Amino acid sequence: MQAADDLRARLRDARRIVVFTGAGVSAESGVPTFRDAQTGLWSRFRAEDLATPDAFLRDPVLVWKWYAWRRQLIAAVQPNPAHFAIAELGRRAPVTVITQNVDGLHQRAGSGGVIELHGNIFDTRCFDCGRPAHEPVSENELPPQCAHCGGLLRPGVVWFGESLPEAAWRRADDAASHADMFFCVGTSGVVYPAASLPLQAGAAGAYLVQVNPEPTPADRQAQLVLRGKAGEILPLLFAP
Ligand code: BJW
Ligand code: ZN
């Protein structure tokens, strides 16, 4: 109770709040996480077979089938109470949402200015010339081709070994180093450079809050570790 009151007071006084999210924030919407032992995507598929440029060049149809399946799944789900609580906090307070998620659920819940570190699964661009493609990708004509250069089209996400979008990374880096409160929600904290943001915010003096049912490497740096589901904890934490 004391901790909850203390947190509410900090939230009221905070001038720069960052909410940094990972796959766990969308788990309660029905989007599989990556690394959860039973339900995570990597328990059924190997990351290196699907989420690297080499994997794509080796078998673009296989990779596209995986993304087409996930696009369909994500289009059919709804934001959950965690997304809505974050959007609601953003209407009352100076919040920057930084997400590793590619599902667009924060935006659908009403958050503005969301920084997408790993792209968006619904974007498509050319692997060769980089131009965006706006036509829907048909599952019957895989792999899709670029109308400009004939190269292969790819999903607009960041794979292992690729750099993060420069502008998004700059904004995230700036927000983390100037935050006075930093909420780290539903991420295993093992994928870099994203995983460095909470550590960087903590080192710069932010009050670091960790929300996750499981332990994570960033727990040691956190002032407050809340073990539980984002969809249950955030609506309580961010209630007006
Ligand atoms: C709940 C919950 C509930 C469940 N409520 N919580 C050593 C040092 C630094 C870097 C490296 C290194 N070795 C290798 C690297 C590079 C690599 C990396 O970090 N690898 C590590 C795995 C070791 N990083 C990169 O390659 C990045 N680029 C880069 O470094 O560029 C520089 C460079 C250039 C050239 C060569 C080398 C370097 C790019 C990383 C791109 C990540 N891409 C993915 C796929 C996106 C596309 C797609 O969706 O298909 O991004 S991988 C995947 O992991 C996805 C996620 O955004 C990301 C993070 O996962 P996240 O969100 O944390 O999910 P999970 O599943 O891991 O965790 C879920 C959590 O939720 C768990 O903790 C649960 O407990 C919790 N949870 N239910 C709250 N209800
Ligand atoms: Zn092209």
Side-chain angles (χ1 to χ4, degrees), residues 20-43 45-56 63-64 66-71 73-74 80-83 85-86 98-104 116-133 144-166 168-169 183-199 210-219 225-235:
F20 171 62
T21 64
V25 90
S26 297
E28 290 157 81
S29 291
V31 182
T33 60
F34 291 89
R35 293 172 188 80
D36 287 328
Q38 302 302 321
T39 56
L41 287 170
W42 298 153
S43 64
F45 307 98
R46 281 168 16 116
E48 57 272 27
D49 288 344
L50 296 165
T52 69
D54 283 352
F56 179 70
V63 172
W64 260 116
W66 191 57
Y67 280 96
W69 169 69
R70 288 175 58 206
R71 279 181 172 186
L73 186 153
I74 291 167
N80 68 56
H83 298 105
I86 295 167
I98 306 174
T99 190
Q100 299 168 86
N101 299 345
V102 298
D103 56 30
E116 292 180 315
L117 292 179
H118 294 160
N120 189 297
I121 197 167
F122 295 105
D123 290 344
T124 305
R125 67 169 189 272
C126 179
F127 189 91
D128 293 328
C129 74
R131 286 198 183 87
Q145 287 186 335
C146 175
H148 302 283
C149 76
L152 288 175
L153 292 178
R154 57 164 288 175
V157 298
V158 181
W159 286 324
F160 288 113
E162 295 186 313
S163 300
L164 273 54
E166 214 176 293
W169 178 251
F183 293 87
C184 185
V185 187
T187 176
S188 56
V190 297
V191 175
Y192 282 82
S196 67
L197 291 171
L199 313 178
Q210 183 68 248
V211 180
N212 199 310
E214 302 292 333
T216 80
D219 289 1
V225 176
L226 299 169
R227 288 248 187 278
K229 295 183 172 182
E232 293 169 5
I233 291 184
L234 294 192

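In listed order, ligands and their atoms are each counted from 1. We number each residue from 1, following the sequence as shown. Computed from a predicted model, the values in this text were never measured in an experiment. Side chains are part of it too, since the values below use all heavy atoms of this structure and drop only hydrogens, waters and symmetry mates.
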Shortest reach to atom 17 (C) of ligand 1 by a heavy atom, considering only F160, W66, W169: F160
Closest to atom 54 (O) of ligand 1 (judged by heavy-atom distance), picking from R227, R35, Q100, K229: R35
Side chain, backbone, both or neither: the part of E162 lying under 4.0 Å from ligand 1 by heavy atom: backbone
Backbone N/O of T216 and side chain of D219: donor-acceptor pair under 3.5 Å: yes
N or O pair under 3.5 Å between Y192 and ligand 1: yes
contact_flag A51 ligand 1 heavy-atom lt 4.0 Å: no
Subset of ligand 1 atoms that lie under 4.0 Å from at least one heavy atom of N212: 72 (C), 73 (O), 74 (C), 75 (O), 76 (C)
Within-cutoff protein neighbour (heavy atom, under 4.0 Å) for atom 15 (C) of ligand 1: no
Atom 70 (C) of ligand 1 protein-contacted, heavy-atom criterion under 4.0 angstrom: yes
Atom 50 (O) of ligand 1: the protein heavy-atom neighbour that sits closest, reported with distance to 0.1 Å: Y67 OH, 2.6 Å
Any donor-acceptor pair under 3.5 Å from N120 side chain to F122 backbone: yes
Row check, W42 ring normal vs R46 NZ/CZ: under 6.0 Å, within 45°: no
Pair H118-V191, side-chain contact (heavy atoms from CB on, under 4.5 Å): steps then yes or no: CA-CA 11 Å; H118 294 160; V191 175; 4.2 Å; yes
Backbone N/O of D103 and side chain of N101: donor-acceptor pair under 3.5 Å: no
Sub-4.0 Å heavy-atom approach of P213 to ligand 1: yes
Atoms of ligand 1 close to T187 [distance to a heavy atom under 4.0 angstrom, numbered from 1]: 61 (P), 63 (O), 70 (C), 73 (O)
Sub-4.0 Å protein heavy atom next to atom 29 (C) of ligand 1: yes
Under 3.5 Å: donor-acceptor pair, side chain of R71, backbone of I121: yes
Side-chain donor-acceptor pair present, Q100, T21, cut-off under 3.5 Å: no
Where the Zn ion (ligand 2) is the vertex, angle from C126 SG to C149 SG to 10°: 100°
N or O pair under 3.5 Å between G161 and ligand 1: yes
Those atoms of ligand 1 less than 4.0 Å from some heavy atom in A230: 3 (C), 5 (N), 79 (C)
Atoms of ligand 1, numbered as shown, that sit under 4.0 Å from any heavy atom of E214: 75 (O)
From E214 atom CD to D36 atom CG, the distance as rounded to the nearest 0.5 Å: 7.0 Å
Ligand 1 N/O within reach of V25 N/O, cut-off under 3.5 Å: no
Proximity of F20 and F183 rings by center, below 6.0 Å: no
Ligand-residue contact atoms, ligand 1 with A27, heavy atoms, under 4.0 Å: 78 (N)
N or O contact, N101 vs ligand 1, cut-off under 3.5 Å: no
Ion pair check, D128 and R154, cut-off under 4.0 Å: no
Per-atom contact, atom 41 (C) of ligand 1, protein heavy atoms, under 4.0 angstrom: yes
Donor-acceptor contact present, side-chain E232 to main-chain K229, <3.5 Å: no
Exam field: side chain S26 to backbone S29, donor-acceptor pair closer than 3.5 Å: no
Where ligand 1 meets G22 - atom numbers and elements under 4.0 angstrom, heavy-atom basis: 62 (O)
Residue pair V102 / V157: nearest heavy atoms and the distance that separates them: CG1-CG1, 3.9 Å
Within-cut-off N or O pair, W159 and ligand 1, under 3.5 Å: no
Heavy-atom nearest neighbour in the protein, as seen from atom 67 (O) of ligand 1, with distance rounded to 0.1 Å: S188 OG, 2.5 Å
For atom 47 (C) of ligand 1, the option (of L50, V157, T216, I233) bearing the nearest heavy atom: V157
Check: V25 main-chain N/O paired with N80 side-chain donor or acceptor under 3.5 Å: yes
Atom of W64, atom of P144 and distance for their closest heavy-atom approach: NE1-CD, 3.3 Å
N or O pair under 3.5 Å between R70 and ligand 1: yes
Polar atom proximity, G186 to ligand 1 (N or O, under 3.5 Å): yes
Region of V185 that comes within reach of ligand 1 [heavy atoms, distance under 4.0 Å]: neither
SG on C129 to NE2 on H148, rounded to 0.5 Å: 6.5 Å
Is_contact(atom 35 (C) of ligand 1), protein non-hydrogen, under 4.0 Å: yes
Polar proximity ligand 1 side, H118 side, N/O cut 3.5 Å exclusive: yes
Sub-4.0 Å atoms of ligand 1 with respect to non-hydrogen atoms of V191: 19 (O), 40 (C), 42 (C), 54 (O), 58 (C), 59 (C)
L50 side, atom CG; Y67 side, atom OH - distance, nearest 0.5 Å: 7.5 Å
Whether E232 lies under 4.0 Å from ligand 1, heavy atom: no
Sub-4.0 Å atoms of ligand 1 with respect to non-hydrogen atoms of V102: 49 (O)
SG (C146) - the Zn ion (ligand 2) - SG (C129) angle, nearest 10°: 110°
